Participant: 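Here it is: the structure, laid out below.
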Amino acid sequence: MTPHPDRRTRVIRVDSRAPATAAISDAAAVIRSGGLVAFPTETVYGLGANAFDEDAVQSIFSAKERDPSDPLIVHVASVHDLSRVASIVPPLAMLLFERFAPGPLTVVLPRAPGVAPSVSAGLATVAVRIPSHPVARGLIESAGVPVAAPSANRFMRTSATSAAHVLEDLDGRIDLVIDGGPADAGIESTVVSIEGDSVFVLREGALTREEIAAALPPGATIESVTASPAHGSPGMLGRHYAPRKPLTLVRATSPEGSARLAAEIARALAAGEIPGVLLLEEDEGSLAGLAPLLKARLGPQANLSVVASRLYAAMRELDRSHATVLFARALPAGGLGAAVNDRLNRAAARIIDRP
Ligand code: TXA
Ligand code: MG
């Protein structure tokens, strides 16, 4: 649907664990008739359309103002449906799906002919995911078609992790939002491609590299995408997932990182700015004397799943506040730290490396 000031987006609330059948059928009918439905997944909210309907897929790009060169992820209900969207599922891909599906794993596969071409932005491949969230699964099953769904945010902004975030970006531009409360992981799925015995990580995400590595059979390896430029992901733009206000990222972990962060914030205060910080519990002490300082709490860096789940909501909170400049500090690299650091790096307007 085309944006129109008088058009309002309909919102249906559901119980995220056991969504009412009537609500899901209602939303599935919108998908089948070519409409756009935002829905919760276990990672972030998705903006869904029938992946077989070229016009519906095109309207995802216009609603988000998304660059047509950035391909979408197609969501199916089970491994049995993979053949509807992918022409070949190599054994290593099947092994990963059997181990991690349903869940936050996306695999790039050769595209089947029925999938709308714009889903893949002109590539011969398609990214496929089997989500675990009961609302996402119910919607895909009830629609009876694969659902193309990028994150439900305006292009280049942070992903939406609640129905309120979806409306902030897309109210009046889409038909319906299913409000199932906050998304669980709060960070997108991990995107991989497969080449022979190698798994290439194209986008770090909610499924960690360590978990994937532990599931690989003998002889298979996990590689960074930089090892295979040919297998890069067109959507991995340098600056992405960004708040509207300029974010400075201090790329050193505590304790040096905390001191450096405090020094940068003190400098901004002296320059007359109102700083806002994505605050890790470990930095509370070093930032205590600085005022005025707006704080969006991420929780303890010792609990990375909490930090990941709050990251985008915290960026949006500071965007809505009267802070004029934003600050964050990088996390230790292991586990979910890789995905959070990746998003912070892409969100940052300015990066300060270890002194
Ligand atoms: O968790 C998620 O993955 C969420 C939920 C809604 O499932 N979706 C999501 O979609 O994050 P999106 O559109 O924001 O990110 C899709 C990214 C693209 O930017 C690109 O990096 C990669 O997935 N991708 C998609 N299709 C690809 C392809 N054919 N080849 C390589 N990379 C692809
Ligand atoms: Mg996105």
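One-based numbering, in listed order, for ligands and for the atoms of each. Keep in mind that this is a model prediction, so the values were computed, not measured.
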Participant: If the cut-off is 4.0 Å to any non-hydrogen atom of Leu123, which atoms of ligand 1 fall inside it?
Facilitator: 28 (C), 29 (N), 30 (N)
Participant: If you measure from the Lys or Arg side-chain nitrogens to the Asp or Glu carboxylate oxygens, is any gap between Arg10 and Asp175 under 4.0 Å?
Facilitator: no
Participant: Show me which atoms of ligand 1 lie under 4.0 Å from any heavy atom of Ile73.
Facilitator: 3 (O), 8 (N), 9 (C), 10 (O), 16 (C), 23 (O)
Participant: Between Glu256 and Arg329, is there a salt bridge with N-O shorter than 4.0 Å?
Facilitator: no
Participant: Closer than 4.0 angstrom, basic N to acidic O: yes or no for Asp283 and Arg260?
Facilitator: no
Participant: Do Leu278 and Leu344 come close enough that some side-chain heavy atom pair is under 4.5 Å?
Facilitator: yes
Participant: Determine whether the side chains of Thr208 and Glu211 contain a donor N or O and an acceptor N or O closer than 3.5 Å.
Facilitator: yes
Participant: May I ask you to check if ligand 1 and Thr125 share an N or O to N or O distance below 3.5 Å?
Facilitator: yes
Participant: Can you say whether the rings of His75 and Phe39 are parallel (under 30°), tilted (30 to 60°) or perpendicular (over 60°)?
Facilitator: perpendicular
Participant: For Ala308 and Leu336, work out which heavy atoms get closest and say how close.
Facilitator: CB-CD1, 4.4 Å
Participant: Less than 3.5 Å between some nitrogen or oxygen of Arg66 and one of ligand 1, yes or no?
Facilitator: yes
Participant: Would Arg203 count as being in polar contact with ligand 1, using the rule that some N or O on each side must be under 3.5 angstrom apart?
Facilitator: yes
Participant: Could you tell me whether the side chains of Arg129 and Thr43 share a donor-acceptor contact shorter than 3.5 Å?
Facilitator: yes
Participant: Closer than 4.0 Å to some heavy atom of Leu72 - which atoms of ligand 1 meet that?
Facilitator: 25 (C), 26 (N)
Participant: Below 2.8 Å, any N, O or S contact between Ser151 and the Mg ion (ligand 2)?
Facilitator: yes
Participant: Check ligand 1 against Val44 and write out every atom of the ligand that is under 4.0 Å from a heavy-atom position of the residue.
Facilitator: 4 (C)
Participant: Between Ala185, Pro150, Gly122, Ala124, flag the one that comes closest to atom 10 (O) of ligand 1 by a heavy atom.
Facilitator: Pro150
Participant: Which one of Gly46, Pro40, Ala149, Ser189 has a non-hydrogen atom at the shortest distance from atom 8 (N) of ligand 1?
Facilitator: Ala149
Participant: Under 4.0 angstrom from ligand 1, any heavy atom of His75?
Facilitator: yes
Participant: Could Glu284 and Arg297 be called an ion pair, given the rule that one side-chain N must be under 4.0 Å from one carboxylate O?
Facilitator: yes
Participant: For atom 18 (C) of ligand 1, state which one of Val74, Leu47, Val126, Asp70 supplies the nearest heavy atom.
Facilitator: Asp70
Participant: Check ligand 1 against Glu188 and write out every atom of the ligand that is under 4.0 Å from a heavy-atom position of the residue.
Facilitator: 1 (O), 2 (C), 11 (O)
Participant: Can you find a non-hydrogen atom of Pro104 under 4.0 Å from ligand 1?
Facilitator: no
Participant: Which one of Gly48, Ala136, Ser151 has a non-hydrogen atom at the shortest distance from atom 9 (C) of ligand 1?
Facilitator: Ser151
Participant: Indicate yes or no: does Arg203 engage Glu188 in a salt bridge with an N to O separation below 4.0 Å.
Facilitator: no
